[in-house]
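One structure coming up, written as structure tokens, with questions to follow.
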2 protein chains.
Amino acid sequence: MPEDKVRQIPFIQSLDRGLTILQAVALSKQPVSLGELTEILGIDRSSAFRLANTLRRRGFLACPAGRKDYILGSSMWRLSHRYDWGNMLIRVANQQLKLLATQINETAHLAIREGKYALFIDHAAASNVIAVAGQVGELVPLYCTAHGKALLADADERELRALFGSGHLRRYTKNTLTSIQELAKECTLIKKRGFATDEAEYTEELRCVAAAIRVDNDVIVGSIGVSAPMTRFSKERYRASAEQVCKVAQAIGILLSNADQATDRDADKAVAEFA
Amino acid sequence: MPEDKVRQIPFIQSLDRGLTILQAVALSKQPVSLGELTEILGIDRSSAFRLANTLRRRGFLACPAGRKDYILGSSMWRLSHRYDWGNMLIRVANQQLKLLATQINETAHLAIREGKYALFIDHAAASNVIAVAGQVGELVPLYCTAHGKALLADADERELRALFGSGHLRRYTKNTLTSIQELAKECTLIKKRGFATDEAEYTEELRCVAAAIRVDNDVIVGSIGVSAPMTRFSKERYRASAEQVCKVAQAIGILLSNADQATDRDADKAVAEFA
DNA sequence: AGTCAGATTGCAAATGCTGCAATCGCCGAG
DNA sequence: CTCGGCGATTGCAGCATTTGCAATCTGACT
């Protein structure tokens, strides 16, 4: 269990414990019993109970009808729904996005997943280059774009079928992957090497590299990438770009993971190497 | 602000305060300064600071680059993203869904929003009736279905344009609304009267009524409704159904809002004193 | 530079939290 | 139907944690 806590600044024990409970419950697929919480926190049963009870009163936890173990409550739902996460991502990633566009000298995009599609939520154009496809606000299929596939990186075949059904996928170009099986294999590869490509699989003549943005090196919350016409984006050039894309994606992930000053620097470092 | 403290059930003060901060920050559109938090909690500056700082260390709050006021952090994102809200909604709504199907004697559906689409996540068929469109897992457009429009009820024209673009909407039947302007007007109406209709706007010959499910009478988290072929679902019959649909939607909303207190009799007191 | 508002830190008091142990409530076994 | 057994809940007294005050720091504006 990774427990990295720095206490240079005094921190409130009981609040911290409460948050631990919240996390534990959120990360568990099953309802969590008081006993388990006691175990996790390593404190007395009664204390765990009172903590959990406080969370329940506030609606952050709830008890499934009749049961006495805990699940997340509606407050979490409400609070996170109300919040404008898209804007947060845009804000945090903006600088990195521009950096990427400048370095590679092609248009860079930021996307999030929206159901079966990837949604472009921001872009940065290189100064001296004609803008390329991918308007902000545009929805593109997940399965045949670099951004989409990056967002799908963690999916296995079962999930893909649940999402797209078991039939064939619509073909956009001659390179489009149309079977779930191929797609699943591609996802595995993408996950391993860290970036996804689009070899004109959605739009003819358009090549694209993208990497998933992960919070805590885990949950995928968005993707960042660059794209350009094949004529301008040679295979080796865009392969080289992949590395930069990955680094930037990671930098943004770090910024999101612990958005405090200390980690601003970590992110800078991560980017600095090739800046 | 009166600070009634009833300690029939002991609750942890500092955790409670921390949660208050979380709420305050989440509900504010703007970053919240330490001063404001102090104000809200009615405690000393330094205490508020330490509380907020603990939340920040855990990633529940963050500071926008360089600034020193607070916004929600990535932990909220991560936790709520990872949690299976769909299942929670299905679980809570299941009974009501069946009830609705029985009462109206037509198929009832439960849907959530997924990007530009409504996603059916559960359904209940009336016993003696041939099943109707709307498989669980099906995605349907937001703008031309009762569920979709119910989910859009709070959107204004600006938001609609941001979502659908400013062009024309695809026409599925002769009744489909194809202009954003019409849609915006419809949304206003839906919001006012509490339910949305689909007069064969997506599928020919299919009529549908749906109402938004709101947590805390505010945030829309899903929709519930019934549908049937027009031949069987006369205009007056389905108008009468609207009322029931609304009631059920509201009931689910209440169940979601206080999932903990709904099953707990003692908690009624707690609710009373909070109000 | 100088001033001011807000953020951060040190410290001792005391409040609130904790763990222990006793009680309660629910199940399944006898 | 009663009896254990297990986990949840509650009462209590000691003391660790949190708190408010006051001092210090930061950094923005004059």
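Note on naming: letters A, B, ... go to the chains in the order of the sequence lines (proteins, then strands), and numbering restarts at 1 for each one. Keep in mind it's a predicted model, so treat the numbers as computed, not measured.
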What residues in residues 30-38 of chain A put a non-hydrogen atom under 4.0 Å from any atom of DNA chain C?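 Correct list: empty, so none.
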
In whole Å, what is the span from the CZ atom of A/Phe49 to the C1' atom of D/dT9?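 Result: 5 Å.
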
Taking NZ, NE, NH1 and NH2 as the nitrogens, is one of them in B/Asp154 or B/Arg214 under 4.0 Å from a carboxylate oxygen of the other?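 Salt bridge present between B/Asp154 and B/Arg214.
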
So, using side-chain hydrogen bond (donor to acceptor under 3.5 Å, both in side chains) as the criterion, who are the partners of B/Glu157 when residues are at least two apart?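 Here the qualifying residues are B/Arg161.
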
Give a yes-or-no answer on whether the side chains of A/Ser46 and A/Arg50 include a donor-acceptor pair shorter than 3.5 Å.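 Per modelled atom types, A/Ser46 and A/Arg50 side chains form a pair under 3.5 Å.
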
A correct 5'-to-3' footprint of nucleotides 22-28 of chain D, with B, S and - meaning base, sugar-phosphate only and no protein heavy atom under 4.0 Å, is -------

Atom-pair distance (CG on B/Asn53; P on C/dG6), nearest Å: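 Those two atoms, CG and P, are 19 Å apart.
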
Figure out the CG/P separation between B/Leu51 and D/dT19, and round it to whole Å.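 In whole Å, D/dT19 P lies 6 Å from B/Leu51 CG.
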
With sequence neighbours excluded, what pairs up with B/Lys68 under the side-chain contact (heavy atoms from CB on, under 4.5 Å) test?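 Per chain and number, B/Lys68 pairs via side-chain contact (heavy atoms from CB on, under 4.5 Å) with no residue.
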
With B/Ser80 via side-chain hydrogen bond (donor to acceptor under 3.5 Å, both in side chains) - residues at least two apart: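 Testing B/Ser80 for side-chain hydrogen bond (donor to acceptor under 3.5 Å, both in side chains), a comparison that skips the adjacent residues, returns A/Ser80.
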
Not counting sequence neighbours, which residues clear side-chain hydrogen bond (donor to acceptor under 3.5 Å, both in side chains) with B/Glu114? List them please.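 B/Glu114 satisfies side-chain hydrogen bond (donor to acceptor under 3.5 Å, both in side chains) with no residue once adjacent residues are dropped.
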
Closest to the A/Arg45 side chain, choosing from C/dT8, D/dA8, D/dG20: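 Selected nucleotide (nearest to the side chain): D/dA8.
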
To the nearest 10°, give me the bend of the helix from C/dA1-D/dT30 to C/dG30-D/dC1, comparing the axes of its five terminal pairs at either end.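 Roughly 40° between the end axes, to the nearest 10°.
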
Round to a whole Å and report the spacing from CD1 of A/Ile43 to P of C/dG19.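 Distance, rounded to whole Å: 6 Å.
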
B/Thr20 and A/Arg58: side chain donor to acceptor below 3.5 Å: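 A/Arg58 and B/Thr20 do have a side-chain donor-acceptor pair below 3.5 Å.
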
Partner residues of A/Ser33 under the side-chain contact (heavy atoms from CB on, under 4.5 Å) criterion, sequence neighbours left out: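 With neighbours one apart ignored, the set is A/Glu36, A/Asp69.
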
Just jot down the side-chain contact (heavy atoms from CB on, under 4.5 Å) partners of A/Leu163, sequence neighbours excluded, or say none.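 Partners of A/Leu163 under the side-chain contact (heavy atoms from CB on, under 4.5 Å) test: A/Arg113, A/Lys116, A/Leu142, A/Leu152.
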
Within the 4.5 Å heavy-atom criterion, are A/Val248 and A/Ile213 side-chain neighbours or not?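 Heavy-atom side-chain distance check fails, nothing below 4.5 Å.
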
Under 3.5 Å, is there any donor-acceptor pair linking the side chain of B/Arg50 to the base of D/dG20?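 Present.
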
What is the separation between atom CG on A/Asp69 and atom P on D/dC6, rounded to the nearest whole Å?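 It works out to 19 Å between those atoms.
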
Name every donor-acceptor pair, under 3.5 Å, that has one atom in a side chain of residues 96-104 of chain B and the other anywhere in the protein, sequence neighbours excluded.
| residue | atom | partner | partner atom | Å |
| --- | --- | --- | --- | --- |
| B/Lys98 | NZ | B/Asn94 | OD1 | 3.2 |
| B/Thr102 | OG1 | B/Lys98 | O | 2.8 |
| B/Gln103 | OE1 | B/Gln244 | NE2 | 3.3 |

Taking only nitrogen or oxygen atoms into account, show me every contact under 3.5 Å that the protein makes with nucleotides 14-18 of chain D, one pair per line with its distance.
| residue | atom | partner | partner atom | Å |
| --- | --- | --- | --- | --- |
| D/dT17 | OP1 | A/Gln13 | NE2 | 3.4 |
| D/dT18 | OP1 | A/Gln13 | N | 2.5 |
| D/dT18 | OP1 | A/Ser14 | N | 2.9 |
| D/dT18 | OP1 | A/Ser14 | OG | 3.4 |
| D/dT18 | OP2 | A/Gln13 | N | 3.1 |

Quick one: list whatever passes side-chain contact (heavy atoms from CB on, under 4.5 Å) with B/Ala210, sequence neighbours left out.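 Applying side-chain contact (heavy atoms from CB on, under 4.5 Å) to B/Ala210 gives B/Ala146, B/His147, B/Ala150.
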
Assess whether atom CD of A/Glu159 is packed by more than 12 heavy atoms of other residues, nucleotides or ligands within 6.0 Å.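 Counting other residues, nucleotides and ligands, CD of A/Glu159 exceeds 12 neighbours.
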
